[in-house]
Each structure stands twice: as structure tokens, then as C-alpha cells.
Amino acid sequence: MGTLFARITDAAGQGAIGTRVLKALDALGDAEELDVVAEPLQRAVQGLPLGRLRGVLHGRPLGHPLHPALVQLPVGAWLSAAVLDVVPGSERAARVLVAVGVVSAAPAAWSGWVDWAEQHEQQMRTGLVHAASVATAVGLYGASWVARSRGRNRLGRALGFAGLTAVGTGAAVGGHLAHRQSAGANKAEAVPHLVEPGWHTLGRPGEFTVGEAARRTIGEVPVLVVREADEVFHVLADRCSHASGPLSEGEVAKGCVTCPWHGSVFRLSDGWNVDGPATAPQPCFVTRTDGDGNLQARLPGAG
């Protein structure tokens, strides 16, 4: 950990304040020493018998990660408690809000850990620091609640403001993780903006073997082509919406393709995400055979 601290300190010592902070945050993703903790923890989270709850925690029913929505309750409760801490006569209400934040942090943490276990190495390293900051905040707020319950309101307020500082740090790291490192973002969202409108030739139908995945490109966009029967073809964007895994290297079975990286499963007929950590479907192309016998594909809404 000393090496990690030195690397972050060196990064923070370069440039203006904003640049120093950004470089320090970027350095978290390169902190390989965190892998000693990340790898066994990842296996433990992936091994939890969550069943269908895992998809719910990922946010698949919502179409985007659930974790950012769940964190609003504890953070909102703790911010409100901080406001009440400077309002005379609000000790009881502040104590209740501190407790609400501690309790509601549990489901938010569960959803965060489930997402974290399906991210790439740089995101996982940053995510560990984010989780450590939030865990520190939960501990401080738990101690704050105990102090307030025993009538030690001054100590409770001090612990609460320390917890708010910790959760603010965690939020900054989480924002870096979500937006700088793109954790949880739909990696296939750009496809309709990169593909030109109209029909694009992919090759002759005879080039594709029934039931096997093939990779072609439309402009700069790679696509997955699967021949289901003699005249039935399915074409999806090749890069998985979860983490850009190559679907053309995945398994094709039962009308679906499974991403080889994190196991997201997409229906070939419409690109819908039916399993795994992906919360967004794959862009799905319509196909035809032109007058010269070429297989062509078009993405509705492209351009």
C-alpha cells in the first residue's frame, strides 16, 4: 500500500490543483497492488447464490445500473442530517436521518458490489477505493448514531460531519469510476451514430455457416453475423453493451449469443439482453438479400 500512496502522491504533485486531483484519481486504476484484495473478493461476490436477484441488482429491469439510484437515499439522508445539525432543536430528527442512511446503505452496497465484480481491472481497483471510502462513512455514521442515542450530540455531530467528508470522497471517486472510466455505461450507445444510413453489404450468404458466429464491419463498426437457417440471418453490433466484449467470439445457442468476457446473453432476433450484467440491448440490424445475391444489413435510426 505504500507504493500505491507514493504513486498517487507523485501524480497529485503535477500541474494545477484540478489536474493534480485528476492524475491522482487516474493513478488508482493502475494500482496493481490492489489486485491482491480485488481478485479473491471478486470470486467471492461472483460465487454468491443470488439467482435472479443478481439481474435485479445489476439493474437489468431498469435498463441501466441500479446502484446510482439506490445511493440517493443514504446520501440524501446524511446530507439532510448535516443540515439539521446546524438547526437548534433538531437533534431527534437528525438522529433518525443518520439511522436511515446507515440502513439504506446496505442495498446500495449490494448492488454496487455485484456491478463491481463484473468490471475490468482498472475499474475494479478504483471501485475498491470508492467502496473503502463509503465503508468508512458508514462506520462513522454508525458511531454517530450510537453517540446521539446516548445523548452525546456534540460527538454525534462531529462524527456525522466526518462521515459526510468520507462519503463525499467516495462520491468523487465513484463519479470518476462512472464517467472517466465508463463503468456501467452502455458501450453500444454510439453505434447508431457511427453507422451510415442505408443498406450495407456484408458478403455472400454462402460465406456464413449455419449456427456459427462471424464478424464483419460496417464502416468502422464491427458486427456479429449469425446464419440461423438458409434464408434467416441475424446481425447485431459486435461489441457488448456491458464492457465491449467481442460477441463474435462468444457461444451461439438457443437463439442467443453469450459474451465471452462477462457472460451477458443477448437474443439474436432483436438484441435484447436476457441475462448477465449487461443492462442495455445490442443494436439490431435488419437484413435482406439484394438483387445480386449479396447479404445486406441496415440499422433502423442510423445516422
Side-chain angles (χ1 to χ4, degrees), residues 1-2 4-5 8 21 24-25 28 31 33-34 36-38 40-42 44-45 47-50 53-54 56-59 65-117 124-178 183-184:
M1 296 302 290
L4 170 60
F5 180 77
I8 294 173
V21 172
L25 289 170
L28 295 176
E33 51 268 43
L34 291 175
V36 175
V37 177
L41 190 55
Q42 179 188 34
V45 174
L48 292 172
L50 297 176
L53 179 60
R54 190 177 297 273
V56 174
L57 290 172
H58 279 308
L66 178 62
H67 180 64
L70 291 182
V71 300
Q72 304 306 310
L73 184 53
V75 172
W78 289 333
L79 280 171
S80 299
V83 173
L84 292 180
D85 275 340
V86 297
V87 177
S90 301
E91 290 82 2
R92 182 176 182 278
R95 184 174 71 250
V96 170
L97 285 170
V98 166
V100 168
V102 171
V103 172
S104 61
W110 273 111
S111 63
W113 281 118
V114 168
D115 285 342
W116 171 86
M124 289 174 64
R125 294 164 189 157
T126 303
L128 277 180
V129 178
H130 167 68
S133 299
V134 175
T136 300
V138 172
L140 288 167
Y141 274 111
S144 173
W145 180 82
V146 171
R148 293 166 193 262
S149 298
R150 295 175 176 175
R152 303 178 65 184
N153 290 317
R154 181 174 297 179
L155 175 60
R157 287 193 295 270
L159 289 168
F161 284 117
L164 189 63
T165 301
V167 81
T169 301
V173 177
H176 187 85
L177 176 63

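In this chain, residues are counted from 1 in sequence order. No experiment lies behind these values; they were computed from the predicted model shown.
By the ring pair (Phe, Tyr, Trp, His ring centres under 6.0 Å) test, W116 pairs with W113, sequence neighbours left out. Residues passing the side chain to side chain contact (heavy atoms under 4.5 Å, CB included) test with S80 are L97, sequence neighbours excluded.
The heavy-atom pair separating A94 from A81 by the smallest distance is O-CB, 3.9 Å. Scanning both residues, G163 and A137, for their nearest heavy atoms gives O-CB, 3.5 Å. Taking all atoms of both residues into account, the shortest heavy-atom contact from S144 to G156 is OG-O, 2.6 Å. When all heavy atoms are compared, the tightest approach of P74 to G101 is CB-O, 3.4 Å. Smallest separation of non-hydrogen atoms from L70 and P107: CD1-O, 3.5 Å. In this structure, L66 and V56 approach most closely via the heavy-atom pair CD2-O, 3.4 Å.
The CZ atom of R54 sits 12.5 Å away from atom OG of S111, with the distance rounded to the nearest 0.5 Å. Atom-to-atom distance recorded for L79:CG and L84:CG is 11.0 Å, nearest 0.5 angstrom.
Residues in residues 84-97 take part in these salt bridge (Lys or Arg N to Asp or Glu O under 4.0 Å) pairs, two or more places apart or across chains: D85-R148.
Checked by atom type and distance alone, the side chain of H67 never pairs as donor or acceptor with a backbone atom of A109 at under 3.5 Å.
Put simply, the side chain of F161 does not reach to within 4.5 Å of the side chain of L140, judged on heavy atoms. Looking at heavy atoms from C-beta onward, L34 lies out of side-chain contact with M124 at the 4.5 angstrom threshold. Using a 4.5 Å heavy-atom threshold, the side chains of H130 and T126 count as separate.
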### D115 and H58: CA distance, side-chain angles, deciding distance, side chain to side chain contact (heavy atoms under 4.5 Å, CB included) verdict
CA-CA 6 Å; D115 285 342; H58 279 308; 2.8 Å; yes
#### Entry: Derivation of the side chain to side chain contact (heavy atoms under 4.5 Å, CB included) call for R125 and L28
CA-CA 6 Å; R125 294 164 189 157; L28 295 176; 5.7 Å; no
### Query
Does the pair W78 and V102 meet the rule for a side chain to side chain contact (heavy atoms under 4.5 Å, CB included), with working shown?
CA-CA 9 Å; W78 289 333; V102 171; 4.3 Å; yes
### Task
Report the C-alpha separation of L41 and L128 in whole Å, then their side-chain angles, then the decisive distance to 0.1 Å, and conclude whether the side chain to side chain contact (heavy atoms under 4.5 Å, CB included) test is met.
CA-CA 10 Å; L41 190 55; L128 277 180; 3.9 Å; yes
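Evaluated for a side-chain contact (heavy atoms from CB on, under 4.5 Å) with V167, the options T165, T169, L164 yield exactly one hit, L164.
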